[in-house]
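In what follows, a single structure is set out as structure tokens and then discussed.
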Amino acid sequence: MSEATTRRRLAAILAADASGYSRLMANDEPGTVAALDCARAVFGEHIGAHQGRVIDMAGDSVLAVFDTAAGAVSAALAVQDEIATRAAAHTEPCRMRFRIGVHLGDVIEKADGSVYGDGVNTAARLETLAEPGGVCVSEAVECALRHRLQVRFDDLGEQTLKNLPQPVRAFRVHAAAQAAPGAAQASAPRGATAGGADSRTLKPAIAVLPFDNMSGEAEQEFFTDGITEDIITELSRFRELFVISRNSSFKYKGQKVDVAKFARELGVQYVVEGSVRKAGKRVRITVQLIDAETDRHVWAERYDRDLEDIFAIQDEVTTAIVATLPGRVEADARDRAARKPTANMAAYECVLTGKLLHHRSNRADNLRAQEMLERAIALDPNYAHAHAWRACVLGQRWGYNWCEDRSVLQPMVIEELEIALALDPNDSDVHRIFAAVNLIYGNFEQCVYHQQRALALNPNDDLIVVQQGEILTWCGQPQEGIEWIRKAMRLNPYHPERFWGHLARASFVAGAYGEALAAARRITTPDATLFALIAACEVRRGDVEAARRCIAEMRARWPAFGLADLVATLHYRDTADRDRHLETLAQAGLRE
């Protein structure tokens with residue numbers, strides 16, 4: 001198969017087949033065929049509802065693929081619940097039950113939509129370990145969903161599966177309603193208690209109330225519910241949030257809800273609520289984020305759209321909400337942290353502070369960021385996100401040469417990333433930072449691999465999206481890079497100021513020097529590298545004198561900054577592109 005007709009990607013695979021199918025056919029062939037048709041409809045409905053895609057329904061088996069483990073497992077549990085309810089009307093010997101296996105791994109996807117590979121084989125083998133009516137998943141799925149769905153995982157240990165070279169650790173999954181006594185407490189957010197969310201919880205917990213249908217039209221109910229479900233599904237991609245499952249949230253559908261009570265019952269800090277109102281050919285969607293502990297509105301927005309394509313509207317609004325919400329939660333959590341003594345800050349809050357300091361991109365704040373991340377790791381040594389961000393901060397020091405010996409930092413960065421990846425291989429931020437570090441080191445193949453993993457795991461994270469633009473720029477595709485950077489800006493209207501710097505660089509590489517200067521001048525606190533970029537733009541525009549004045553001002557502000565420091569920040573894959581850039585700077589007067 002050629003690369004033009006196939007692609008390799010990360011996916012969650014669901015494999016299922018009917019238990020005792022041959023016996024059922026022998027006992028009642030017409031009844032079994034009818035039951036199988038009904039079961040296929042159930043599978044199709046729930047797979048689609050959880051953003052999955054049916055690959056095959058041959059005989060008594062089902063194969064489907066999902067972008068997320070959460071979608072696959074939620075669909076599997078919903079299928080088993082509905083099939084069990086329908087089967088209750090039949091006598092025990094005539095009941096059709098399915099075994100379902102779910103795995104998260106790499107697959108090879110052909111242009112016609114079919115999928116192959118070890119990921120598919122593993123899901124099929126896991127299905128044989130499931131009980132009739134049950135769901136069995138791999139360790140990769142359990143790791144991805146740990147503390148994120150209200151389910152219980154029963155560890156089956158290492159399993160040797162047919163035709164698989166390595167044993168697979170397997171888990172049986174039980175929905176919250178099936179959990180043993182006391183399991184509800186176990187499935188609550190880490191650090192939460194029955195009486196509410198602990199202010200020191202590692203992850204902020206969030207629940208989405210079913211949006212209200214204000215249209216008075218029953219046919220709009222599916223659209224309203226779809227908005228809510230999509231928001232829950234997409235928020236679940238952000239591993240720094242603990243998102244309450246759809247089943248728990250929808251228990252409150254149609255009820256008059258006391259937000260504070262709702263939050264206490266589910267053990268969350270934040271609640272999202274909203275409404276949908278249709279009037280003629282227009283639809284208005286309102287959404288607000290509430291800090292349930294203080295009954296304070298953190299953020300609110302209204303979306304007015306023409307109702308030409310209801311599903312396109314649903315996708316557009318969901319993307320806008322999901323792209324903004326995590327940033328608003330993070331900003332509010334930073335405010336909470338700022339109001340507390342440092343000694344009381346939890347690991348999560350330390351990471352938030354470390355991120356904020358890192359984004360300032362100067363040497364002093366870089367060191368402070370490292371201190372905060374090391375404090376987070378001391379509080380929780382198994383906090384993958386903290387290890388990943390420590391690697392990012394160390395990589396920033398390496399990239400800007402803010403150290404006495406860069407050779408000492410490189411193995412430290414790699415070690416931190418390997419720890420983070422081992423702790424949580426499905427954290428999109430871990431892959432994003434791995435991609436950034438490999439870019440700095442010039443390992444473009446590994447950079448692109450981890451970047452694609454990050455995008456597959458969370459396509460709505462503005463930091464991942466903007467980095468896609470950066471990487472494309474360095475790889476000689478600046479026009480595509482500009483599109484991704486602008487997409488990141490649309491995703492997060494509150495984006496860091498440095499996004500303008502990425503746009504300026506991509507525009508420069510694309511030859512749009514006026515646009516590059518306009519973007520660069522949006523930055524209120526330029527650093528030496530930005531002055532150098534502005535100078536390069538002026539040279540390309542033919543104003544060498546303006547470029548030289550820019551370099552002179554740069555040297556006056558940062559006398560220790562030289563050409564070697566700048567070269568360390570240039571990551572062109574093609575050395576000819578780098579050489580052209582340096583020749584331009586030489587004309588501006590920046591030489592050794």
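This is a predicted model, so every value here is computed, not measured. Residues: numbered from 1 along the sequence shown.
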Those residues at least two apart in sequence (or on a different chain) that pass side-chain contact (heavy atoms from CB on, under 4.5 Å) with N438 are F434, N443, Q446, C447, H450

Could you work out, with ring-ring contact (aromatic ring centres under 6.0 Å, His included) as the rule, every residue matching F171, not counting sequence neighbours? none

Interatomic distance, D67 atom CG to N458 atom CG [nearest 0.5 angstrom]: 11.0 Å

What are the two closest non-hydrogen atoms of L423 and P381, and how far apart are they? CD1-O, 4.0 Å

Residues forming a side-chain contact (heavy atoms from CB on, under 4.5 Å) with M214, sequence neighbours excluded: D212, S275, R277

Is the shortest heavy-atom distance from the side chain of F211 to the side chain of T286 under 4.5 Å? no

Does H431 use its side chain to pair, donor to acceptor, with the backbone of P425 at less than 3.5 Å? yes

Minimal non-hydrogen separation, S428 against L457, with atom names: CB-CB, 3.8 Å

Using a strict cut-off of less than 4.0 Å between a Lys/Arg side-chain nitrogen and an Asp/Glu carboxylate oxygen, indicate whether D461 and R432 qualify as a salt bridge. no

Partners passing side-chain hydrogen bond (donor to acceptor under 3.5 Å, both in side chains) against E82 (at least two apart in sequence or in another chain): H46, R86

Let's go through W484 and V466 carefully: what are the C-alpha distance in whole Å and the side-chain angles of both, what is the deciding distance for side chain to side chain contact (heavy atoms under 4.5 Å, CB included) to 0.1 Å, and is it a yes or a no? CA-CA 6 Å; W484 280 92; V466 80; over 6 Å; no

Heavy-atom distance under 4.5 Å between the side chains of V168 and E158, does that happen here? no

Holding to salt bridge (charged side-chain N to carboxylate O under 4.0 Å, His left out), I want the full list of residues that pass it with D258, two or more places apart in sequence or in another chain. none

Results of ring-ring contact (aromatic ring centres under 6.0 Å, His included) for F262 - residues two or more places apart only: Y252

Does a side-chain heavy-atom distance below 4.5 Å link F66 with V102? no

E416 and I377: CA distance, side-chain angles, deciding distance, side chain to side chain contact (heavy atoms under 4.5 Å, CB included) verdict: CA-CA 11 Å; E416 283 297 292; I377 292 168; 3.7 Å; yes

Residues at least two apart in sequence or cross-chain that pass ring-ring contact (aromatic ring centres under 6.0 Å, His included) with Y449, listed by chain then number, are none

Side-chain (S114) to main-chain (K110) donor-acceptor, under 3.5 angstrom: no

Are any of the side-chain heavy atoms of V73 and V173 separated by less than 4.5 Å? yes

As an exercise, state the distance from CD of Q467 to CD1 of I464, rounded to the nearest 0.5 Å. 8.0 Å

Counting C-beta onward and ignoring hydrogens, is there a side-chain heavy-atom pair between H174 and V151 closer than 4.5 Å? no

Roughly how far apart are D424 CG and H387 NE2, rounded to 0.5 Å? 11.5 Å

For H50 against G71, the heavy-atom pair lying closest together: CB-O, 3.5 Å

Is there a side-chain contact between V115 and I108, using heavy atoms and a 4.5 Å cut-off? no

Where do L104 and S138 come nearest, in terms of heavy atoms and distance? N-OG, 3.9 Å

Looking at residues at least two apart in the chain, or sitting in another chain, which of them share a ring-ring contact (aromatic ring centres under 6.0 Å, His included) with F98? F43

Stepwise side chain to side chain contact (heavy atoms under 4.5 Å, CB included) check, L289 with I206: CA-CA 9 Å; L289 174 67; I206 187 168; 4.0 Å; yes

Once rounded to the nearest 0.5 Å, what's the spacing between atom CD of Q288 and atom CD of E301? 11.5 Å

Please table the atom pairs, donor to acceptor, closer than 3.5 Å between any side-chain atom in residues 124-136 and protein atoms at least two apart or in another chain.
from	atom 1	to	atom 2	distance (Å)
R125	NE	K162	O	3.0
T128	OG1	R125	O	2.5

Using a cut-off of 6.0 Å, state whether more than 12 heavy atoms not belonging to Q255 lie near its atom CD. yes

Taking the side chain as everything from C-beta on, heavy atoms only, tell me whether D37 gets closer than 4.5 Å to R40. yes

Quick one: list whatever passes side-chain contact (heavy atoms from CB on, under 4.5 Å) with A34, sequence neighbours left out. none

Contacts of type side-chain hydrogen bond (donor to acceptor under 3.5 Å, both in side chains), residue T228, not counting sequence neighbours: none

Let me confirm one number: the CD1-CD distance from I83 to Q80, rounded to the nearest 0.5 Å. 6.0 Å

Just do the side chain to side chain contact (heavy atoms under 4.5 Å, CB included) check on D427 and H385 with the steps written out, would you? CA-CA 8 Å; D427 186 328; H385 211 68; 3.0 Å; yes

Can you see which heavy atom on I433 is nearest to which on A388, and at what distance? CD1-O, 3.4 Å

Is the closest side-chain heavy-atom distance between R172 and R152 below 4.5 Å? no

Give the table of side-chain donor-acceptor pairs shorter than 3.5 Å for residues 53-65, with sequence neighbours excluded, one pair per line with atom names and distance.
from	atom 1	to	atom 2	distance (Å)
R53	NH1	G113	O	2.9
R53	NH2	E109	OE2	2.7
R53	NH2	G113	O	3.1
D56	OD1	A58	N	3.4
S61	OG	A58	O	2.8

If every non-hydrogen atom of W389 is compared with every non-hydrogen atom of K355, which pair is closest and at what distance? NE1-CE, 3.3 Å

Once rounded to the nearest 0.5 Å, what's the spacing between atom CG of L161 and atom NE2 of H103? 10.5 Å

